[in-house]
Number of protein chains: 2
Amino acid sequence: MKEGTAADCCSAPDTAVDLRPIEGREADEELAALAKAIGHPARVQILRLLVRRTACVCGDIVDELPLAQSTVSQHLKVLKDAGLIRGEVDGPRVCYCLEPRVLRRLRALVAGL
Amino acid sequence: MKEGTAADCCSAPDTAVDLRPIEGREADEELAALAKAIGHPARVQILRLLVRRTACVCGDIVDELPLAQSTVSQHLKVLKDAGLIRGEVDGPRVCYCLEPRVLRRLRALVAGL
DNA sequence: CTCTTTCATCGTAAAACTGCGATAATCTCC
DNA sequence: GGAGATTATCGCAGTTTTACGATGAAAGAG
């Protein structure tokens, strides 16, 4: 029950192009919000786990971090509220997946600095 | 006394290449710290002013933001502590300049996500 | 030297963040 | 139905952030 538990959950091709402006007041606030979301080592670590698809289920993520389950759950919520990840319920478990669109948007905003 | 007040302060060619790893625990903390620094709209706005070289002197930056002088000064300190900007004393004024190396590093870290 | 300008720093208050244990909610299995 | 597993949420401390006005410190003007 360890391998491939939910390896095939989040599967969105997602090749859409984001045409929103890369600067201006709205872009500033968007960048600030996204940056704030990844402004904590634990959340960066979670993002990397999801990118590598090393972990996906909440419990596995908890096992990878030196934090209590409730704390990890909160960090996941921050990332979800920022739109960077998405949680899909899989029975009693929850599989968290990247939201590639938003991650690309973040990259574009930072690159546009 | 408005045009070109300190347009030619920070002038570093700076073409050095950063060879530090883009992932791992240290990179995670570095990315988190940098992201946290730009995790506020006012600081994003300040960064943009410096990129565009629209403003440079502290007072001009204060004029561009809807915040008190002391608050802007604090935001400048956050950016400076993160290494993203540098302050050069120019008489009674202080000219803030980007630290292109660190900005590039941030871009690389985000791109490496 | 004194006054003004410019900026940083100091307090302070309100809000937000971080972490945890305890508890609730939901699903599966029996 | 109940028991166990998994995750979210609540409540609580301690810390940090954000904002401001007031005060200091440093440089230039007179």
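Below, each value reflects all heavy atoms present in this structure, side chains not excepted, and no hydrogens, waters or symmetry copies. Each chain gets a letter, A, B and so on, in the order the sequences are listed, and its residues count up from 1.
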- Query: What nucleotide, of D/dT7, D/dA19, C/dT28, holds the atom closest to the side chain of A/P92?
  - Reply: C/dT28

- Query: What's the CD1-P distance between A/I38 and C/dT18, to the nearest Å?
  - Reply: 13 Å

- Of B/P66 and A/Q69, the one whose nearest nucleotide on DNA chain D sits closer to the 5' end is A/Q69

- Query: A/Y96 side chain: which of C/dT18, D/dT9, D/dA8 is closest?
  - Reply: D/dA8

- Quick one: do B/E23 and A/R52 make a salt bridge, cutoff under 4.0 Å? yes

- Message: Go nucleotide by nucleotide along DNA chain C from the 5' end; which of A/A68 and A/G91 gets its closest nucleotide reached first?
- Response: A/A68

- Of the listed nucleotides D/dA27, D/dT18, C/dT18, the one nearest the side chain of B/Q74: D/dT18

- Item | Atom-to-atom span, CD of B/E88 to C1' of C/dC7 - whole angstrom | 16 Å

- Side chain of A/V57: nearest nucleotide among D/dT7, C/dT28, D/dG21? D/dT7

- Nucleotide D/dC20, atom C1' - distance to NZ of B/K77 in whole Å: 18 Å

- Message: From the set D/dC20, C/dC7, C/dG19, return the single nucleotide nearest to any side-chain atom of B/S70.
- Response: D/dC20

- Query: Should the SG of B/C95 and the SG of B/C56 be checked, would they turn out to be under 2.5 Å apart?
  - Reply: yes

- Task: Report the distance from atom CD1 of B/I46 to atom C1' of D/dT18, rounded to the nearest whole Å.
- Result: 13 Å

- Query: Would you say A/S73 reaches D/dA8's phosphate, i.e. side-chain N/O to OP1/OP2 under 4.0 Å?
  - Reply: yes

- Rounding to a whole Å, what distance do you find between B/D90:CG and C/dC7:P? 10 Å

- Message: Check this one for me: any side-chain N or O of A/K36 less than 4.0 Å away from OP1 or OP2 of D/dT17?
- Response: no

- Give me the one residue out of A/L34, A/I22, A/L31 that meets side chain to side chain contact (heavy atoms under 4.5 Å, CB included) with A/V110. A/L31

- For A/L76, report the nucleic acid contact type (base, sugar-phosphate, nothing); a contact means any heavy atom under 4.0 Å. nothing

- Going by heavy atoms in the side chains, are B/E99 and B/L84 under 4.5 Å from each other? no

- Item | N/O (side chain, B/H75) to phosphate O (OP1/OP2, D/dA19) under 4.0 Å | yes

- Run the side-chain contact (heavy atoms from CB on, under 4.5 Å) check on B/R43 and B/L47 step by step: do they pass? CA-CA 6 Å; B/R43 293 196 287 268; B/L47 270 191; 6.0 Å; no

- B/E30 pairs by salt bridge (Lys or Arg N to Asp or Glu O under 4.0 Å) with which of B/K36, B/R20, B/R25? B/R20

- Message: I need the CG-C1' distance between B/L65 and D/dT18, as an integer number of Å.
- Response: 14 Å

- Message: Please report the distance, rounded to the nearest Å, between NE2 in A/H40 and P in C/dA16.
- Response: 18 Å

- Message: Quick check for you: among D/dT6, C/dT18, D/dT18, whose closest atom lies nearest to any side-chain atom of B/R43?
- Response: D/dT18

- Item | Spacing between A/D81 atom CG and D/dA8 atom C1', to the nearest angstrom | 12 Å

- Closest listed nucleotide, where the reference is the side chain of B/C58 and the choices are C/dG11, C/dT28, C/dC7: C/dC7

